[in-house]
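Structure, as structure tokens:
When a ligand or atom number is given, it counts from 1 through the structure's own listing order. All of these numbers come straight from a predicted model, not from anything done at the bench.
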Amino acid sequence: MNPVEINDELCLCDDTFLMIAGPCSVESEEQILEVARELKKTGVKVLRGGAFKPRTSPDSFQGLGEEGLKLLAKAREETGLAIITEVMDEENLPVVEEYADIIQIGSRNSQNFSLLRKVSRQDKPVMLKRGFGNTVDELIASSKYLSMNGNKKIILTERGIRTFEQSTRFTLDISAVPVLHERSEYPVIIDPSHAAGANRYVEPLAMAGAAAGADGLIIEVHPNPKVALSDAAQQLTVQQYNNLYSKVKQIAAITGKRLI
Ligand code: PEP
Ligand code: MN
């Protein structure tokens, strides 16, 4: 597997399992600082938080934009956590690049080839999510746009695909983990939160991902999920995240990985 160096202390390699956690969206200074402090205590090293949000409806909360990025930078300054945040379009790439430690490309942009080409020109690590209507091979093809200028710091993410099943928000394609490991050189992480769409399903899907040999997880965690401005139903409390963490740790150990 191609190792992905995130910063001087963090490397996603063959024997490590990366735990990324944080809210769906950055909502306020209080919210992001509180969750960052709590997550830091649990051992998290990478904080997620959306500032530019791809919402299905234009009437929904769209994120704080650059202000959200500044709040993430403040959380990093205080806690030392690395930051992952989504770039939604070419226009906001320069500012996202300025603040993020890992640039996230969301499911809806997984085949935005013009954005992928632009992101390929910078050298920060990139987390590429699978489009929910895309095959594994299409995801791999998208990753080739990202590496076209030599940046191989790429992390692939399975976050659920559209199927006829309606009981979860998307269907987590666990098979994608071994298949991607066979066909691609990049680490594969699982996003059980967006697949589940409901917090009670997040832990079992996370454990399944670890058992299938994934290289990490990205989990939505909010200090008070009930009042979250986006994806309220699927976000975990810090306590629920802690429970998940201890179970995943044991499963990852079976696959020869230690949590980072
Ligand atoms: C997210 O992670 O914030 C997100 C919007 O996820 P996805 O692109 O997988 O829907
Ligand atoms: Mn979300």
Side-chain angles (χ1 to χ4, degrees), residues 18-27 31-32 35 39 44 46-58 60-65 68-69 71-72 83-89 92 96 99-112 115-116 119 125-134 136 138-139 142-143 146 154-163 168-173 176 180 188-199 201-202 205-206 209 214 216-237 240-241:
L18 181 65
M19 295 296 288
I20 303 174
C24 178
S25 305
V26 181
E27 298 170 2
Q31 175 242 18
I32 196 69
V35 78
L39 287 171
V44 165
V46 183
L47 177 70
R48 65 152 287 148
F52 296 97
K53 295 299 300 176
R55 304 306 305 282
T56 303
S57 165
S60 304
F61 175 61
Q62 300 288 304
L64 298 179
L69 297 175
L71 295 177
L72 285 168
I83 298 300
I84 176 166
T85 195
E86 177 166 353
V87 61
M88 242 179 61
D89 53 42
N92 56 48
V96 170
Y99 288 95
D101 298 295
I102 306 174
I103 296 175
Q104 172 175 333
I105 305 210
S107 193
R108 289 153 192 83
N109 269 321
S110 198
Q111 286 194 309
N112 180 343
L115 178 64
L116 298 178
V119 173
V126 183
M127 187 189 89
L128 173 66
K129 288 188 152 195
R130 177 180 181 180
F132 52 72
N134 290 155
V136 162
E138 284 166 340
L139 174 63
S142 289
S143 76
L146 287 175
I154 296 170
I155 302 167
L156 303 175
T157 302
E158 163 59 37
R159 47 78 73 212
I161 52 174
R162 273 263 148 83
T163 68
T168 50
R169 190 174 175 195
F170 294 92
T171 301
L172 186 67
D173 181 12
L180 283 168
V188 180
I189 71 171
I190 291 285
D191 174 348
S193 304
H194 288 91
N199 55 14
Y201 301 139
V202 172
L205 296 186
L217 293 171
I218 178 164
I219 310 277
E220 285 191 342
V221 183
H222 192 284
N224 185 2
K226 284 196 194 89
V227 300
L229 298 180
S230 59
D231 287 349
Q234 72 199 30
Q235 301 203 60
L236 302 187
T237 61
Q240 286 168 330
Y241 173 79

Subject >> At the Mn ion (ligand 2): angle between Glu220 atom OE2 and Cys24 atom SG, to 10 degrees >> reply: 90°
Original post:
Is it the case that Arg159 places NZ or CZ above or below the six-membered ring of Phe132, under 6.0 angstrom from the centre and within 45 degrees of the axis?
Top reply: no
In the structure I gave you, are the side-chain heavy atoms of [X] and [Y] within less than 4.5 Å of one another anywhere?
X: Ile32; Y: Val26; answer: yes
X: Val188; Y: Thr157; answer: no
X: Leu236; Y: Pro225; answer: no
X: Leu217; Y: Ile20; answer: no

Original post:
Heavy-atom distance to atom 7 (P) of ligand 1: which of Lys129, Glu220, Glu86 wins?
Top reply: Lys129
Should you measure from each heavy atom of [X], which atoms of ligand 1 turn up under 4.0 Å away?
X: Gly106; result: 8 (O)
X: Lys53; result: 3 (O)
X: Arg108; result: 7 (P), 8 (O), 10 (O)
X: Gln104; result: 1 (C), 2 (O), 3 (O)

Taking atom types as modelled and ignoring hydrogens, do the side chains of [X] and [Y] form a donor-acceptor contact shorter than 3.5 angstrom?
X: Asn199; Y: Gln235; result: no
X: Gln62; Y: Arg55; result: no
X: His194; Y: Asp231; result: yes

Subject >> Identity of the N, O or S atom of His194 lying closest to the Mn ion (ligand 2) >> reply: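 Nearest N/O/S atom of His194: NE2.
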**OP:** Starting from the Mn ion (ligand 2), look over the N/O/S atoms of Asp231 and name the nearest one.
**Re:** OD2
Looking at [atom], what's its closest protein heavy atom, distance included?
atom: atom 8 (O) of ligand 1; answer: Ser107 N, 2.8 Å
atom: atom 9 (O) of ligand 1; answer: Arg159 NE, 2.6 Å
atom: atom 4 (C) of ligand 1; answer: His194 NE2, 3.5 Å
atom: atom 3 (O) of ligand 1; answer: Arg48 NH2, 2.8 Å

